Undergrad: 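Pasting a structure below so you can have a look.
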Number of protein chains: 2
Amino acid sequence: MATSMALRIGRVDRILDALGDSTRRRIIRLLSAGPMSVSDLSRPLGITVTAVTQHLRILQSCALLKSHKKGRVRMCSLDTSGFETLEHWIREHRTSWERRLDRLGSLLEED
Amino acid sequence: MATSMALRIGRVDRILDALGDSTRRRIIRLLSAGPMSVSDLSRPLGITVTAVTQHLRILQSCALLKSHKKGRVRMCSLDTSGFETLEHWIREHRTSWERRLDRLGSLLEED
DNA sequence: TCATTAGTGAAGTCTATACTTCAGTATAAG
DNA sequence: CTTATACTGAAGTATAGACTTCACTAATGA
């Protein structure tokens, strides 16, 4: 329980670090319109393909992105698994915080 | 619709930038146990109160944190509003991506 | 009143990392 | 076989921003 929580947090940390960069968010928005290759991505982003590759590595390492190479072209698409993890994390914590806020609210009523 | 979407994205961007820093995530985790003052936070974080104040400004600017000053003590607590915004964003996009993946899946079946 | 405590603001340092260039590999096309 | 295309890896640069110090204000306590 404690260990699985620690692993969970490490995973979420990596996801939030990845999403903390505006270029990687732009990549995600581009891919939400459908799969694209590395050079397809580099054009609208206005950065080199090398830079794109570096971002892809990060996005892939936390399951926000999937890719497979067919010939010499790497096709990239979004991986829902990372987003699911993040959604679970937010929902869990949000509900626990709301419970706490409710308790706080009832305490304040006695003020 | 288009404009409200644009504003929404700007808001989510600021939230993800804020959550992209590990110290700010530690602040959030500390506050999930209940309200704390600025110096209460600085101790376990191992940074100066000035640094904490700077983080608080960022967290507050995107509605992840609320605070009010009583006397000379600023009490900080989590603001669910930012988390709600983020949760909505993820859910919306995740479902649309899943629809897209479903379509892609049925296309691949004809392969 | 004087000292202490809690926090803020400005300005500078310093590090993490986003991005580049260059050199290289592997696939495809002519 | 030659050339072009798609990408990857290593290494260097440059900048954003996290953190500090110092100086300050305002509230609390002795």
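All values reported here derive from a predicted model rather than from experimental measurement.
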Undergrad: Rounded off to whole Å, could you give me the CD-to-C1' distance for the B/Gln60 and C/dG7 pair?
TA: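 Going from CD in B/Gln60 over to C1' in C/dG7 covers 14 Å.
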Undergrad: Does a nitrogen or oxygen in the side chain of A/Arg57 sit under 4.0 Å from OP1 or OP2 of D/dG9?
TA: yes
Undergrad: Considering heavy-atom distances to DNA chain D, does B/Gly71 or A/Lys69 have its closest nucleotide positioned more toward the 5' end?
TA: A/Lys69
Undergrad: Just to confirm, is there a sub-4.0 Å distance from OP1 or OP2 of C/dT8 to any side-chain nitrogen or oxygen of B/Arg74?
TA: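 B/Arg74 to C/dT8 OP1/OP2: side-chain N or O found under 4.0 Å.
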Undergrad: Would you say a side-chain N or O of B/Thr23 is under 4.0 Å from OP1 or OP2 of D/dC19?
TA: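 The answer is yes; a side-chain N or O of B/Thr23 sits under 4.0 Å from OP1 or OP2.
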Undergrad: Specify the separation, in whole Å, of atom CZ of B/Arg14 and atom P of D/dA16.
TA: 19 Å
Undergrad: For B/Leu56 and C/dT8, give me the distance from atom CG to atom P, rounded to whole Å.
TA: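 To the nearest whole Å, that distance equals 7 Å.
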Undergrad: B/Arg43 has an atom CZ; how far is it from atom C1' of C/dT5, in whole Å?
TA: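 Going from CZ in B/Arg43 over to C1' in C/dT5 covers 11 Å.
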Undergrad: Any side-chain N or O of B/Thr48 less than 4.0 Å from the OP1 or OP2 oxygen of D/dT20?
TA: yes
Undergrad: Rounded to whole Å, how long is the line connecting atom CG of A/Asp40 with atom C1' of D/dA6?
TA: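 Between C1' of D/dA6 and CG of A/Asp40: 11 Å.
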Undergrad: Quick one: does any side-chain atom of B/Asp40 pair with a main-chain N or O of B/Ser37 as donor and acceptor, under 3.5 Å?
TA: yes
Undergrad: Please determine whether residues A/Leu41 and A/Val73 belong to a single hydrophobic cluster, defined as Ile, Leu, Val, Met, Phe, Trp and Tyr linked transitively by side-chain heavy-atom distances below 4.5 Å.
TA: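 Different hydrophobic clusters.
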Undergrad: Salt bridge check, A/Asp21 against A/Arg26: does any charged N sit closer than 4.0 Å to a carboxylate O?
TA: no
Undergrad: Has the side chain of B/Gln54 got a donor or acceptor atom sitting under 3.5 Å from an opposite partner on the base of D/dT20?
TA: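 Such a pair is found, so the answer is yes.
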Undergrad: Rounded to the nearest Å, what distance is computed from the CG atom of residue A/Asp21 to the C1' atom of nucleotide D/dA16?
TA: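 Taking atom C1' of D/dA16 as the reference, CG of A/Asp21 is at 11 Å.
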Undergrad: Is B/Asp13 salt-bridged to A/Arg29, cutoff N-O under 4.0 Å?
TA: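 A salt bridge links B/Asp13 with A/Arg29.
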Undergrad: Could you check how far CD1 of B/Ile58 sits from C1' of D/dA18, rounded to whole Å?
TA: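 Rounded to the whole Å, the gap is 9 Å.
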Undergrad: Between D/dC7, C/dG7, D/dC19, which nucleotide has the shortest distance from any of its atoms to the side chain of B/Ala51?
TA: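 The nucleotide sitting nearest to the side chain is D/dC19.
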Undergrad: Once hydrogens and angles are ignored, does a donor-acceptor distance under 3.5 Å link the base of D/dA6 to the side chain of A/Arg72?
TA: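 Such a pair does not exist between side chain and base.
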Undergrad: Please work out if A/Val49 contacts a base, only the sugar-phosphate, or nothing of the nucleic acid, heavy-atom cut-off 4.0 Å.
TA: base
Undergrad: May I ask you to evaluate whether B/His55 reaches the phosphate of D/dG17, defined as a side-chain N or O under 4.0 Å from OP1 or OP2?
TA: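 No.
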Undergrad: When you measure from the side-chain N and O atoms of A/Thr50 to the phosphate of D/dC7, is any distance below 4.0 Å, counting only OP1 and OP2?
TA: no
Undergrad: Among A/His68, A/Lys69, A/Met36, find the one that has a side chain to side chain contact (heavy atoms under 4.5 Å, CB included) with A/Arg74.
TA: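 Running side chain to side chain contact (heavy atoms under 4.5 Å, CB included) over A/His68, A/Lys69, A/Met36 with A/Arg74 returns exactly one hit, A/Lys69.
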Undergrad: Please report, rounded to the nearest Å, how far the P atom of D/dT8 is from the CD1 atom of A/Ile47.
TA: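 Atom CD1 in A/Ile47 sits about 13 Å away from atom P in D/dT8.
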Undergrad: Compare side-chain N and O positions of A/Thr53 against OP1 and OP2 of D/dC7 and report whether any pair is under 4.0 Å apart.
TA: no
